[in-house]
Amino acid sequence: MLVANRVEEIIIAVPNTQYDKVVASLATAGIFHIEPPTKELSKYSMRIYRSASAISSEKKAMLEGFFKAINKNPETISGINLKISNWVDFLNELIELNKDLEVLFEKNIANLNEMRNKLNELIELNKLIGYISYLDTDIRKAHESKMISFTIGIIPAEMIEYAKKVSDNIIMAYEKSQEDSFVVAIAGNSENVKKVYSNLVKLGFTAISIPSEFSGNPSKAYKEIDNEINKINNEIEKIIKKLQEKYEDLKDYYTKIIVINEVFKILNNTASSDTTSFIHGFVDLKDSKKLRNIIKNVTNDKYLIYSLGIKRGQREVPTKMEIPKIFKPFESILKMYGTPNSNEIIPTIFMAITMPIIFGLMFPDIGHGLLVLLFALFFLLPRNRDIGKVIIILGAVSIVTGFLANELFGPLPAEALHMGEFWKSLGFQSAPLESPVDISISGGSQQLMQKLFYLSMDVSFWIGAFMLIFGTLLGIANSYLKRDYEDMFGEKMPLFLLFLSAGLPFLLYFNATEAGSTIKQALFGLGRGGPMESFVFYGSIISLIWILLGKGIYRALIGEGFRLNPIESFIGLFESMLLVLGNSISFLRIMGLSLAHSGLMVGFTILYMVIDPIGLKNPAMFAAAIVVYILGNLLTAGLEGIVAFAHDLRLHFYEWFNKFFTGNGIPFNPIKLPNINIIFQGS
């Protein structure tokens, strides 16, 4: 749960006559991680499968494209039995059997792509013609005139004054079409029009030309093109519907291609002599007995399994993570950074606790949290289940912190529902996490505003101190797991002492002002003032000297002599001092984003009051104020939600992970098929 499972590295040796049955069993068992050879097996490799493997991979990619073309996600069929006598023959027969299906999809998808390209062109064309669709005259005649040259198009509104200046010796007419553009028509001598046209293009002019297959009358052409767009859309829908009728056949074909493609991963990484085949890989120690029983039953006891050891910690060993189901979605966030090494602590469970708390503190609002939750539920979850579940949790925590902050789509609705009275009835001056910015417009005292501001700062520094101290402690644990005692003694332990010295006052006092005062007294009083001041001063001094000399001392202790790289040591010292200062301050992002969120909502609240200062007495102003307030909420929920999530990731990835987590491990990927039973009928 906190460290990778122990895995057993094994070599399976089986008679060639039993090899294919063993491969079928390994593929369907879903517990064996095949390990590619470290170098080319020139004498014993199974080269006969390489071209077939490339074909199966190509077909897999092609079928996934077919799914995409009909707006479906790739899907397999479970619970089918496959009778196979030869892997390559099975692939060839499968392709031959589905040849007509491939042709059907390829032909229709080619038509779809052609029609979609045509559709996009027509949509863009109609968008342009829409600027002049009010013209009910044939402008093509003017274009084709031999007496004068004529061009009509649109230009950005901010360029119209510049356009007038380059329109000498021609006739120019212009009219504002939309806020951001003007319709401009120019006519005159061919050479003059050509020169002016060239200058207008530099100003962003886009000419409007109606293709010959449509009427030269913009008003009629606009309708004709619109009809053509609808016609193409109907054709596209018919083709997709036709292809969707073959959806079950496509799933069946895709399932079997997936099966053979996975099997080839074993076949391509097997060594084989004239009589025996050798398969090298890893199995979770808990599944070791199960694997042996499978091989024993399949080969009728004609096998040999040679164990290369039960491992966890070597760099080349794949990482088998076993995370409780409730925390599993956060594994996808962890993998954005990288896969843990098999010799380091897996931080998924810790991150599943800290990440929602930090997000909720940055983004405290019942209504906005609900919007985030609904967005994840209806948009993200169908597309990416793990990320969707993570965002649902973040939204749910925002609802909780929003209740503690007395925010429901900002302070106005919360005030209308008398949410503040609930907290006062419990003996609080205000909601526990209420923003001082909200207090500023609700008539609260200066003293209460200051108290809430300092509370927000206290929470930010406390979380920062806890995560940084805990992160450096995990760094010591990881160095121990890796048996890298030089790194543990010379770098991780002094770094832990440095962060502990700087962070312990924040952790114990839960008061940033008092903690800051203690650190100031410790540094300028040279440790005088009390036990905490002494610990901060002497702990910092010892840790910095330790960072400077630690690796040299360790080498001397193990008998290698006191060897030290001065440049490396001074860089490490300087880097550590920057880390303890910069990382601690970074956690003020929590307070900063919380205040920014409240500030935005207070801004829209003031705007609401400015638009409608008299309430329901003026329905039009009241409706306008409500619209502005709703738009403000949507804007804040969208932008602040993204910003809070990004900064939450940053605090974990850059401020926390770099204390202990490398993320350069190899994932444990067993050959795994969708609930398929392979019956190998070969000799």
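No hydrogens, no waters, no symmetry mates; every other heavy atom, side chains included, goes into these values.
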Non-neighbouring partners of [X] that pass salt bridge (Lys or Arg N to Asp or Glu O under 4.0 Å), sequence neighbours left out:
X    : answer
E575 : none
K492 : D487
K320 : D284
D458 : none

State, yes or no, whether a side-chain contact exists between [X] and [Y] at a heavy-atom distance under 4.5 Å.
X    : Y    : result
I236 : L112 : yes
F660 : E344 : no
L91  : F264 : yes
L455 : F510 : yes
P436 : L595 : yes
L649 : M355 : yes
Y254 : K59  : no
I358 : M467 : yes

With sequence neighbours excluded, tell me which residues meet ring pair (Phe, Tyr, Trp, His ring centres under 6.0 Å) with [X].
X    : result
F461 : F506
Y554 : none
F499 : none
F403 : F422, W423

Residues two or more places apart in sequence or in another chain: which of them pass side-chain contact (heavy atoms from CB on, under 4.5 Å) with Y247?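 Y247 satisfies side-chain contact (heavy atoms from CB on, under 4.5 Å) with F67, I70, K72, E75, K251 once adjacent residues are dropped.
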Partners of S598 by side-chain contact (heavy atoms from CB on, under 4.5 Å), sequence neighbours excluded?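 Expected list: E407, S435, V437, D438.
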Is it true that the NZ or CZ of R589 lies under 6.0 Å from the centre of F587's six-membered ring and within 45 degrees of the ring axis?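 No, R589 does not sit over the ring of F587.
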Could K335 and E331 be called an ion pair, given the rule that one side-chain N must be under 4.0 Å from one carboxylate O?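 E331 and K335: salt-bridged.
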Under 4.0 Å between a side-chain nitrogen and a carboxylate oxygen: does that hold for K551 and E491?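 E491 and K551: salt-bridged.
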Could you verify whether a donor N or O on one side chain and an acceptor N or O on the other, from N341 and T319, lie under 3.5 Å apart?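 Side chains of N341 and T319: no pair found under 3.5 Å.
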What verdict does the salt bridge (charged side-chain N to carboxylate O under 4.0 Å, His left out) test give for E64 and K68, after you've listed the backbone C-alpha separation in whole Å, the side-chain angles of each residue and the deciding distance to 0.1 Å? CA-CA 6 Å; E64 287 169 352; K68 185 178 179 181; over 6 Å; no
Show the nearest heavy-atom pair for residues [X] and [Y], with the distance to one decimal.
X    : Y    : answer
I10  : H280 : O-CD2, 3.4 Å
S56  : N261 : OG-OD1, 2.9 Å
S594 : L361 : CB-O, 3.3 Å
A69  : R116 : O-NH2, 3.5 Å
I345 : N478 : N-OD1, 2.6 Å
A431 : A405 : CB-C, 4.0 Å

If a pair satisfies side-chain hydrogen bond (donor to acceptor under 3.5 Å, both in side chains) and one of its residues is in residues 358-368, list it, with sequence neighbours excluded.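 Qualifying pairs, neighbours excluded: H368-N633.
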Could you label the plane-to-plane angle of the W462 and F466 rings as parallel, tilted or perpendicular, counting under 30° as parallel and over 60° as perpendicular?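 Answer is parallel, since the angle falls under 30°.
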Going by the angle between their ring planes, with limits at 30° and 60°, are H33 and F668 parallel, tilted or perpendicular?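 Parallel, since the angle between the ring planes stays under 30°.
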Under the criterion side-chain contact (heavy atoms from CB on, under 4.5 Å), which of V263, I266, V23 is the partner of I671?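 For I671, the side-chain contact (heavy atoms from CB on, under 4.5 Å) test succeeds with only one of V263, I266, V23, which is I266.
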Could you check whether any side-chain N or O of S460 sits under 3.5 Å from a backbone N or O of M591, counting only pairs where one atom can act as donor and the other as acceptor?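 Such a contact is found between S460 side chain and M591 backbone.
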Return each pair, listed once, that meets ring pair (Phe, Tyr, Trp, His ring centres under 6.0 Å) where at least one residue sits in residues 372-400; pairs must be two or more places apart or across chains.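 Qualifying pairs, neighbours excluded: F375-F379.
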Testing K328, K286, R6 for salt bridge (charged side-chain N to carboxylate O under 4.0 Å, His left out) with E322, which one passes?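 Of the listed residues K328, K286, R6, the salt bridge (charged side-chain N to carboxylate O under 4.0 Å, His left out) partner of E322 is K286.
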